[in-house]
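To keep things clear, I will list the structure first and then write my remarks on it.
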Amino acid sequence: MYERWLQEEMNWIGAYCSKIRRQALCITAPLILVGSAVLIGALTAFGGGSAADFGYGAFSGFVVGALICGIYLMVLLPALRPKRYGKKIDRCVRGLSLSEGEKEELAREMLEADEGHRISYTITGPGAKGTPGRFVLTPHFAFLEGSYPYAILVRLSDLAVIRRSQEQKTATEHRAKSKTIYRFTLYTIGFYRKDRFQRGLTDKDLPDESFGFFDVHIRERVMELLAGTGIRLE
């Protein structure tokens with residue numbers, strides 16, 4: 001059951017990975033090749049060079065573009081393997097130290113969760129690039145995937161209180177010759193475990209786990225589902 005659930009999760013993110021791969025191979029890479037060939041060819045001919053000089057320049061640009069594409073694809077394609085995301089989820093589950101029986105229970109609940117306990121959305125914040133996100137609530141677990149870190153799993157029986165909050169954040173996007181600074185609000189849900197005081201933590205310390213959302217409406221939809229768990233909300 002657990003392996004089946006991981007496969008379902010890999011199939012879900014696999015659709016997005018395939019889309020990005022197609023864009024990279026069919027759109028981005030050809031544009032880089034053509035653009036670099038035309039640019040360097042034009043620069044070569046700009047100084048009064050002949051048509052042959054333009055051809056040599058264009059060929060050199062194509063070679064440079066091929067090198068850039070090679071590096072780009074070597075970095076991008078391995079990161080888009082669905083198995084990589086499956087390993088992230090498995091690592092997240094292992095972080096809760098679940099027994100084999102609990103892992104099977106988790107998988108069964110996740111596979112049986114109906115649409116009334118799932119919220120699917122597209123992440124549209126800085127650097128998100130349209131990554132899909134999804135929240136799933138089961139009788140014993142709350143699971144968020146698609147954000148950072150990619151997978152966050154919370155066991156409901158561990159929790160004493162759930163608190164909503166928000167933080168002002170700054171993100172920087174670097175480009176070839178410029179950078180753009182984004183200021184945005186991150187809407188969060190903090191999960192506080194029952195054993196915090198035994199572990200030397202107080203209410204003023206950071207939550208044990210937290211979900212982050214760029215969209216306050218999605219955060220509130222998640223809170224509405226969590227309200228049904230009977231855990232105290234603040």
Side-chain angles (χ1 to χ4, degrees), residues 1-14 16-17 79 81-121 123 131-165 167 186-213 218-234:
M1 187 77 71
Y2 182 72
E3 293 300 325
R4 178 185 161 197
W5 172 56
L6 288 183
Q7 186 59 55
E8 289 289 332
E9 294 297 334
M10 288 188 283
N11 292 342
W12 177 74
I13 194 64
Y16 170 76
C17 293
R81 292 182 295 110
K83 285 186 177 180
R84 177 171 174 265
Y85 293 93
K87 290 180 179 179
K88 288 176 180 287
I89 295 174
D90 183 55
R91 191 179 308 120
C92 164
V93 173
R94 285 189 279 110
L96 282 183
S97 300
L98 300 180
S99 66
E100 289 302 314
E102 288 174 319
K103 288 170 64 176
E104 290 297 298
E105 178 184 49
L106 164 68
R108 178 181 56 78
E109 291 184 359
M110 290 292 177
L111 290 169
E112 292 178 354
D114 58 30
E115 290 304 314
H117 293 85
R118 294 174 180 265
I119 298 175
S120 298
Y121 57 97
I123 303 173
T131 306
R134 181 163 63 179
F135 170 75
V136 183
L137 180 66
T138 76
H140 297 96
F141 299 94
F143 180 59
L144 184 72
E145 59 185 324
S147 299
Y148 181 82
Y150 175 74
I152 304 173
L153 179 67
V154 178
R155 182 165 40 199
L156 299 178
S157 61
D158 292 340
L159 304 179
V161 62
I162 301 173
R163 293 182 181 140
R164 56 164 62 83
S165 184
E167 306 170 19
L186 184 67
Y187 301 95
T188 62
I189 299 175
F191 299 91
Y192 296 78
R193 285 167 41 182
K194 298 173 182 176
D195 62 354
R196 283 177 66 81
F197 296 108
Q198 291 92 318
R199 292 183 288 118
L201 299 175
T202 69
D203 285 341
K204 294 182 178 180
D205 291 308
L206 293 174
D208 297 290
E209 288 288 358
S210 63
F211 294 167
F213 305 91
I218 296 173
R219 195 270 305 272
E220 292 307 305
R221 289 173 61 194
V222 172
M223 287 295 290
E224 288 176 5
L225 289 182
L226 291 171
T229 63
I231 300 171
R232 181 161 56 94
L233 305 183
E234 296 182 356

For the atom pair [atom1] ([X]) and [atom2] ([Y]), what is the distance rounded to the nearest 0.5 Å?
{"X": "R108", "Y": "H140", "atom1": "CZ", "atom2": "NE2", "result": "8.5 Å"}
{"X": "F141", "Y": "D158", "atom1": "CZ", "atom2": "CG", "result": "9.0 Å"}
{"X": "C17", "Y": "K83", "atom1": "SG", "atom2": "NZ", "result": "13.5 Å"}
{"X": "L201", "Y": "L206", "atom1": "CG", "atom2": "CG", "result": "9.0 Å"}

Apply side-chain contact (heavy atoms from CB on, under 4.5 Å) to E234 and list each qualifying residue two or more places apart in sequence or on a separate chain. V161, R163, R232

Do [X] and [Y] have side chains that approach each other closer than 4.5 Å (heavy atoms only, starting at C-beta)?
{"X": "L106", "Y": "F143", "value": "no"}
{"X": "M223", "Y": "I162", "value": "yes"}
{"X": "L159", "Y": "R193", "value": "yes"}
{"X": "K103", "Y": "E100", "value": "yes"}
{"X": "M110", "Y": "L153", "value": "yes"}
{"X": "P132", "Y": "W12", "value": "yes"}
{"X": "E105", "Y": "E109", "value": "yes"}
{"X": "I231", "Y": "L226", "value": "no"}

Heavy-atom count around R4 CZ within 6.0 Å, excluding the residue itself: above 12? no

Return the minimal non-hydrogen interatomic distance between [X] and [Y], and the atom names on each side.
{"X": "W5", "Y": "V93", "result": "CZ3-CG2, 4.0 Å"}
{"X": "F135", "Y": "Y121", "result": "N-CE2, 4.4 Å"}
{"X": "Y85", "Y": "I13", "result": "CB-CG2, 3.9 Å"}
{"X": "G14", "Y": "P82", "result": "CA-CG, 3.9 Å"}
{"X": "L137", "Y": "A142", "result": "CD1-CB, 4.1 Å"}

Residue pairs meeting salt bridge (Lys or Arg N to Asp or Glu O under 4.0 Å), one or both in residues 218-230, sequence neighbours left out, come to R164-E220

Exam field: side chain [X] to backbone [Y], donor-acceptor pair closer than 3.5 Å:
{"X": "T188", "Y": "G190", "result": "no"}
{"X": "R196", "Y": "T202", "result": "yes"}
{"X": "D114", "Y": "H117", "result": "yes"}
{"X": "R118", "Y": "A113", "result": "yes"}

Those residues at least two apart in sequence (or on a different chain) that pass salt bridge (Lys or Arg N to Asp or Glu O under 4.0 Å) with E8 are none

Parallel under 30°, tilted from 30 to 60°, perpendicular over 60°: which one fits the rings of F211 and F213? perpendicular

Salt-bridge criterion met for E9 and R134 (N-O under 4.0 Å): yes

Could you go through E102 and L96, starting from their C-alpha distance and side-chain angles, then the distance that decides it, and tell me whether this counts as side-chain contact (heavy atoms from CB on, under 4.5 Å)? CA-CA 10 Å; E102 288 174 319; L96 282 183; over 6 Å; no

Do I152 and F191 pass the side-chain contact (heavy atoms from CB on, under 4.5 Å) test, and can you show the C-alpha distance, the side-chain angles, and the key distance before you say yes or no? CA-CA 11 Å; I152 304 173; F191 299 91; over 6 Å; no

Go through it in stages, so that I can follow the logic: the residues are M10 and I89, the test is side-chain contact (heavy atoms from CB on, under 4.5 Å), and I'd like the CA-CA distance, side-chain angles, deciding distance and then a yes or no. CA-CA 10 Å; M10 288 188 283; I89 295 174; over 6 Å; no

